[in-house]
2 protein chains.
Amino acid sequence: MTDGAVAELAGAARPTLEEVARVAGVSRATVSRVINGSPRVSPDVLSVVERAIAELNYVPNRAARSLAARSTMSIALVVPEDAHRFFGDPYFADVVQGISERLDDSDYVLNLQLTHPSSPSEKTRRYLLGGNVDGALVVSHHSGDHFLASLGRSLPVVFGGRPLGEVANPGDYYIDVGNRAGALRGVEHLVTRGRRHIATITGPDDMPASVDRERGWRDALEAAGLEATRLERGDFTEAGGIRAALALVDRHPDLDAIFVASDLMASGALLALEERGLRVPEDVAVVGFDDSRYATRGRIGLTTVAQPAQEMGIVMADTLLRLLAGERPPHVTTLGTRLVERDSA
Amino acid sequence: MTDGAVAELAGAARPTLEEVARVAGVSRATVSRVINGSPRVSPDVLSVVERAIAELNYVPNRAARSLAARSTMSIALVVPEDAHRFFGDPYFADVVQGISERLDDSDYVLNLQLTHPSSPSEKTRRYLLGGNVDGALVVSHHSGDHFLASLGRSLPVVFGGRPLGEVANPGDYYIDVGNRAGALRGVEHLVTRGRRHIATITGPDDMPASVDRERGWRDALEAAGLEATRLERGDFTEAGGIRAALALVDRHPDLDAIFVASDLMASGALLALEERGLRVPEDVAVVGFDDSRYATRGRIGLTTVAQPAQEMGIVMADTLLRLLAGERPPHVTTLGTRLVERDSA
DNA sequence: TTGAAAGCGCTAACAT
DNA sequence: ATGTTAGCGCTTTCAA
């Protein structure tokens, strides 16, 4: 910061708490109490101090605060996905929107940490473990990363989505979506509509959401006495959906419905079906999952299992905030889904 | 932080600089010099200190550092767009990817500030002006916000995209894309291909990128002696592209080409054209802008003007970093575009 | 090249 | 209810 102009900007006459104290004619401790909303301040002193703060346009110095209070008032948003995956998926958009919304009501700020899915960079590790944030929010479809999985032992962390494996580290906090129940509901809908040869396009088998939705599909078929043999694995991309749907119709010409684990893949499936000259829903009914913008983007509206992505964000943030406030929020919160009927099934 | 477990986690035995100094048998000042890469440290002392740092697994406390050094080592990423717009646009994904990439090589971290497009919240204002960050990066298609427009006077700021209006605040730093030249090139391509009734679908007229691309379209038509009358304004969404294209073909049945100001809108236009039974490129040639994933998503590949979005992010971050380092980077950097030929024109 | 010492701006006991 | 007094962990003159 050797540049004069920049230095001047950066250091521009920001009043300190001490100056506020002087102007208000009180001690620094009192000003500090006012700032932190302590109840131990008399009304008149309060107003005098507030006036001084307004007059001087005082804004507390965050670094000093952090140092003295041993808390940074910031939260890391860890995204172990590459930017395209992250941004391309409307689900994340909603989650982040929700997080951002909830945090707006707090004094915490969000630090974005885009990190490589396979292994967070040294910088990220240092950052997270170096006391730069008070807590972390981890959003990703993936999981299984060693570092992140154990992050909860060194820092208050809330995961979006159930960690991989039947049980998470005991003590972990996570917000899950009723993926299995939602998928079950979606497939039931297909059954109700008279479909009998119901296939599924799943996501990668290393993602809990994917595994759970596949289970729901099986649950529903089993309950209906149908066989769960028509399965193709996708990768949560549109291209993957196209590929999987093509493989499915070629391998199982009798299929009359597909439950797809995400709207984006479903959107690809719709394209593939059209390509093969199959009508939706007449020949093949399709149910997606998400209720993202992809559900209404194509020629025909996608019937889909809606998951409350934005609420996921809100609840994640809320849970972490409660944790930081010393409360004991539930370790697992499961959010419900609902079926949104459109044209495809 | 009254919760025992949380408090313990947060305060877990992090060694201080002082302890490193003790272990290394030197003064705190020396350790500080080592940390900050000062040249005034003898090789042997350097290695002793480094060993101590490694041994203790020492990570400097950011707050203390900020307080003492009067710099926060963090940068705000201000996004005056609602989350959906932001995340839905692959352009932003690339920009953020670029920013994140460049920042990975630095000691700065990114603070995400999603703010309302029309007027940043009080919290955001306080945050930015309250000395919480050393500088800011503003990415948005919009501009014209008073607060953000004047932000550059209080803090080192780099804008992505040219600010609205012919000239920016003198002193502002921004990275622009050769939108006009790019559009010109795209339309020239159409002219070369023998098209004579070339329409355009623009973006909102309050976005510089949009205005510039429209200009480029006019430039090209004028240079070719063609008339620039077939224009429809879109909104940079796919639905908008559909709407605009429909309006265009209905109003100008003679049209034989459309230059669309974004791939997403072009993708909509392709849908609309198909809807009307027009073949692409035989009946109507289409050129988009961006070279985003939407360019290759549809049935037919989109010929488009590629803009270096990721580079935009890299250059933005780089410019801010240089500014913060006291250098004098150029106020305006214009990035080039190039035509990517696929099937649509 | 190294160390001593004085803060950076705030919070948090502890007194009063 | 308010003030006094120590720091929080680091950087940075200034001397040596």
Side-chain angles (χ1 to χ4, degrees), chain A residues 1-2 7 10-50 52-53 56-74 107 130-132 134, chain B residues 1-2 7 10-50 52-53 56-74 107 130-132 134:
Chain A
M1 192 95 42
T2 60
R14 291 189 49 209
T16 67
L17 180 148
E18 173 142 32
E19 298 172 324
V20 174
R22 193 159 38 217
V23 169
V26 299
S27 74
R28 300 186 307 169
T30 299
V31 176
S32 179
R33 288 188 187 101
V34 170
I35 292 167
N36 295 296
S38 160
R40 315 175 159 292
V41 184
S42 67
D44 20 340
V45 171
L46 179 68
S47 73
V48 172
V49 173
E50 280 176 338
I53 288 177
L56 295 178
N57 215 327
Y58 169 75
V59 179
N61 178 307
R62 178 166 265 268
R65 250 180 137 164
S66 297
L67 186 56
R70 280 96 176 285
S71 90
T72 65
M73 295 312 281
S74 56
D107 287 326
N132 298 299
D134 294 341
Chain B
M1 191 96 41
T2 59
R14 292 189 51 210
T16 66
L17 181 149
E18 173 142 31
E19 298 173 323
V20 174
R22 193 162 36 221
V23 169
V26 299
S27 73
R28 299 187 306 168
T30 298
V31 177
S32 178
R33 288 188 188 103
V34 170
I35 291 167
N36 296 294
S38 160
R40 312 177 159 293
V41 183
S42 68
D44 20 340
V45 172
L46 179 69
S47 73
V48 172
V49 173
E50 280 175 337
I53 288 177
L56 296 178
N57 215 327
Y58 168 74
V59 179
N61 177 308
R62 183 165 259 270
R65 241 179 146 168
S66 295
L67 185 57
R70 282 93 173 280
S71 89
T72 66
M73 296 312 279
S74 57
D107 287 327
N132 297 300
D134 294 342

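Sequence lines set the chain letters: A, B, ... in the order given, protein chains first and strands last, and positions in each chain run from 1. It should be emphasised that the depicted structure is a prediction, and the values quoted were computed from it without experimental measurement.
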Heavy-atom pair with the smallest gap, counting every atom of [X] and [Y]:
X: B/Leu17; Y: B/Val31; answer: CG-CG1, 3.7 Å
X: B/Pro15; Y: B/Asn57; answer: CG-O, 4.1 Å
X: A/Ile35; Y: A/Tyr58; answer: CD1-CE2, 3.5 Å

Straight-line distance of A/Arg65 CZ to A/Met73 CE, nearest 0.5 Å: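 It comes to 6.5 Å.
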
Inter-residue atom distance A/Ser32.OG - A/Glu18.CD, 0.5 Å rounding: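 Taking OG in A/Ser32 and CD in A/Glu18, the distance rounds to 13.0 Å.
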
What is the distance, to the nearest angstrom, from the [atom1] atom on [X] to the [atom2] atom on [N]?
X: A/Arg62; N: C/dC10; atom1: CZ; atom2: P; result: 13 Å
X: A/Glu18; N: D/dT5; atom1: CD; atom2: P; result: 14 Å
X: B/Asn132; N: C/dG9; atom1: CG; atom2: P; result: 14 Å

Chi angles and distances behind the side chain to side chain contact (heavy atoms under 4.5 Å, CB included) call for A/Thr16, A/Asn61: CA-CA 8 Å; A/Thr16 67; A/Asn61 178 307; over 6 Å; no

Test side chain to side chain donor-acceptor pair (under 3.5 Å) applied to A/Ser38 - qualifying residues, sequence neighbours left out: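 Here no residue qualifies.
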
For DNA chain C, the residues among residues 35-48 of chain B that have a non-hydrogen atom under 4.0 Å from it: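 Those residues whose heavy atoms fall under 4.0 Å from DNA chain C, taken from residues 35-48 of chain B in numerical order, are B/Arg40, B/Val41, B/Ser42, B/Val45.
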
Using nucleotides 4-8 of chain C, report all nitrogen or oxygen pairs with the protein that are shorter than 3.5 Å.
residue : atom : partner : partner atom : Å
C/dA6   : N6   : B/Arg28 : NH2          : 3.4
C/dC8   : O2   : B/Ala68 : N            : 3.3

side-chain N/O B/Thr30 vs C/dG3 OP1/OP2, d < 4.0 Å: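 For C/dG3, OP1 or OP2 has a side-chain N or O of B/Thr30 closer than 4.0 Å.
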
Backbone of B/Val59 reached by a side-chain donor or acceptor of B/Arg14 within 3.5 Å: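 A pair under 3.5 Å: yes.
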
